[in-house]
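This report concerns only the one structure given below.
Convention: sequence-line order gives letters A, B, ...; per-chain numbering from 1.
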Amino acid sequence: MATVLVVDDEFGIAELFEAILEDEGHRVLTASNGRHGLEVLAKERPDVVFLDYMMPVMDGANMLRRMTADQKLQHIPVVMMSSIPEAAVAERCSGYVKFMRKPFYVSQVTDVVDELVGRSAPPDA
Amino acid sequence: MNDNNELDRMSSGIGGLDIVLQGGFFRGGLYLIQGTPGTGKTTLANQICFNHVARGNRAIYVTLLAEYHARMVQFIGRMSFFDESKIPDQLSYFSGFRVLREEGLPGLLTLVRREIIAKKVSVLVIDGVIAAQRSAEHDQAFNEFVHELQGIAIATHCTLFLVTSADRDAKTTPEHTMVDGILDLSDHSVGWSMPRALHVVKVRGSAYLRGKHAYKITDDGVVVYPRIEALLTEPSTAAHGGQERVTTGIAQLDTMLGGGLPSGSPTLLLGPSGIGKTTFGLQFLSRCSDSAPGLMMGFYETPARILAKAQQVCRPLVNLLGNGAVELLWQPPIDDSLDAYGERLLTAVRRRGVKRLFLDGLGALQSAPAAAERMRQYLPALTNELRIQGVTTLYSLEAANIVGPETRTSFGDLSVLAENLVLLRYVELRSRLHRLISILKVRDSDFDPFLHEFFLTDQGPAVNASAASPRGD
């Protein structure tokens, strides 16, 4: 089982991650912008962060920058998500380990989590 | 920025819409874009944002309960105004719904205010405003929300657009009275077609073109066609008052008209199918030159067929088509608005300073949505503008009956259209069809009242100098 932080302002995205990953036995934390995301990271150490690129208050690039500058957070793998192509995102920020173009399929989410944190055991019956 | 008491304008980047608004939106204004589902509200709002950032500005698109951003980008990404390079530095997409759900309208206001200031944006869209309205505990709370948005717009000089669905029979709600302007997008059934109409319901502190205006959603986004009769209420320039005559290209017809067609006047060439109306029109255009260019707008015959016809019966025109003195504008009678036709025609006329226009198949205009109810205002407005531009116009119109003394058309009163009226008809005599031409009307002028027989030759129409004999000899 892994702990996954999903940082996305768009209603429905975090809920979708919860539905997908909690069924697989993972724990899902959510935040609606970069600042909320950093607040969560002050208390929790997720195994992977799914980070939306465009958000109000603090965007994904800014949050990633703060994470990579923080020794306690820089080891956490970040999956950047956006509806614009990776090339445009990569021009403006670096340090993420994977990129997911929105809209994405359920299988992409589970594949990425499996790849980054290893397949976890199914939840106890 | 102007003096604080003056209102700056901001172009929508959509030519027809700026014309309807008579200069675009007011900077720092609060506008409502409403419409039934599928009418292009989101496309229009995105287009305004992209056009705005293309001029070096910044914008934010906030969604509440609207499309997912990814899906929205997929759809608008196919349109020509979409420019990925502007995202996110100049144009950002945010969702405000989570904030709305967790912190209510005050939270959403705080988010909007801080993002406008932090990102220095001058356009902000809130799409899906119905979600904010439903989240309000009572009407007064939503009114206060709209009022505060207006305050933010004024203080930051940021133009705000609220995008919301509206029922077809939507009643006036408080936000309608509070906003600075309302754009209503709609579509409705006319037979098998569904024409779209934009209606500016109100704009505070400015004149605008009232009534409905056709629009289309194309690969270039929303294209607005201001209603011709509203647009041309005021003449674009001083009227052309020439008394000189213009040759039809047929010497005997000029004689019958009393010296040719009055310059800048509209002439209706009326006759049944196959009698030679297009051939007369080609002859009229064959007298164009570089200094007096011509235009043919046709609805049924393709440019290739027109060229082939010119090679057969009007060879001088072939050269004029080749050197650009005459242009062919082919407009299939598709499901388009009268205003789209009119806009294309007037653009082509103004672009080249056209002096001779042959519009072949006027009846095609009647297939346009709402043509029956608008034609009596539309055609005089269009004709008047052509006159002002100094264009001598020849319209051909098909008569319903092939042979006989009566001439019926699908148009009603022809006097609204034509200052000059030329009638072509067949007469059956001694087992043979004869082609006859007669003049029914010439503006402020006497004319030859007799019927003349004419023939279609490889040199074009040849009109007999003497009046036709009632016995056919």
Side-chain angles (χ1 to χ4, degrees), chain A residues 5-20 28-37 39-40 50-65 79-93 96 99-106 108-109, chain B residues 46 49-50 53 58-78 82-103 107-119 121 124-128 131-132 134-135:
Chain A
L5 170 62
V6 181
V7 187
D8 199 312
D9 61 317
E10 203 163 4
F11 179 74
I13 299 289
E15 288 76 4
L16 182 65
F17 273 85
E18 284 175 335
I20 297 167
V28 178
L29 310 170
T30 63
S32 60
N33 60 56
R35 180 174 293 173
H36 288 163
E39 286 169 8
V40 172
F50 283 86
L51 181 56
D52 185 35
Y53 183 56
M54 264 189 291
M55 289 182 293
V57 185
M58 182 185 288
D59 62 20
N62 245 318
M63 178 174 166
L64 180 58
R65 208 169 296 125
V79 181
M80 191 64 83
M81 307 182 290
S82 184
S83 51
I84 60 174
E86 184 179 8
V89 173
E91 271 180 25
R92 295 169 178 86
C93 75
Y96 55 87
F99 180 83
M100 275 177 36
R101 176 105 189 247
K102 291 180 175 178
F104 45 74
Y105 299 107
V106 168
Q108 287 176 273
V109 176
Chain B
N46 271 288
C49 286
F50 274 100
V53 301
R58 293 182 176 187
I60 292 177
Y61 201 105
V62 180
T63 56
L64 296 178
L65 273 186
E67 291 167 82
Y68 279 100
H69 297 159
R71 179 50 59 91
M72 189 187 290
V73 167
Q74 280 182 320
F75 285 136
I76 62 168
R78 293 179 299 184
F82 182 80
D83 182 354
E84 210 164 64
S85 70
K86 305 295 182 189
I87 305 172
D89 292 344
Q90 286 181 257
L91 175 57
S92 304
Y93 287 85
F94 298 153
S95 170
F97 186 71
R98 193 178 294 278
V99 171
L100 178 68
R101 200 176 60 158
E102 292 169 4
E103 301 172 40
L108 183 58
L109 276 172
T110 302
L111 177 77
V112 166
R113 191 184 298 116
R114 79 174 286 152
E115 291 300 317
I116 289 174
I117 294 168
K119 295 197 161 54
V121 301
L124 184 137
V125 172
I126 303 178
D127 194 349
R134 286 179 181 157
S135 78

Check step by step if side-chain contact (heavy atoms from CB on, under 4.5 Å) holds for B:His69 and A:Asp8. CA-CA 12 Å; B:His69 297 159; A:Asp8 199 312; over 6 Å; no
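In terms of heavy-atom proximity, A:Glu10 sits nearest to B:Arg98 at O-NH2, 3.4 Å. The two atoms that bring B:Ala70 and A:Ser83 nearest to each other are CA-CB, 3.5 Å, heavy atoms only. When every heavy atom of B:Leu91 is checked against every heavy atom of A:Met54, the shortest pair comes out as O-SD, 4.3 Å.
Atom-to-atom distance recorded for A:Arg101:CZ and B:Gln74:CD is 7.5 Å, nearest 0.5 angstrom. If you take OG on A:Ser32 and CD on B:Glu103, they are separated by 7.5 Å, rounding to the nearest 0.5 Å. Taking OH of B:Tyr93 as the start and CD1 of A:Ile84 as the end, the distance is 10.5 Å to the nearest 0.5 Å.
Here the side chains of B:Tyr68 and A:Ile13 are in contact, with some heavy-atom distance below 4.5 Å.
Contact of B:Leu111 with chain A is made through the side chain alone, with heavy-atom distances under 4.5 Å.
Taking the side chain to side chain contact (heavy atoms under 4.5 Å, CB included) definition, one finds that A:Arg92 meets it with A:Tyr53, A:Ala88, B:Pro88, B:Asp89, sequence neighbours left out. Applying the side chain to side chain contact (heavy atoms under 4.5 Å, CB included) test to A:Arg65 and every residue at least two apart in sequence or in another chain returns A:Ala61, A:Asn62.
The most heavy-atom pairs under 4.5 Å with chain B, out of A:Ala87, A:Ser82, A:Pro85, A:Ala14, come from A:Pro85.
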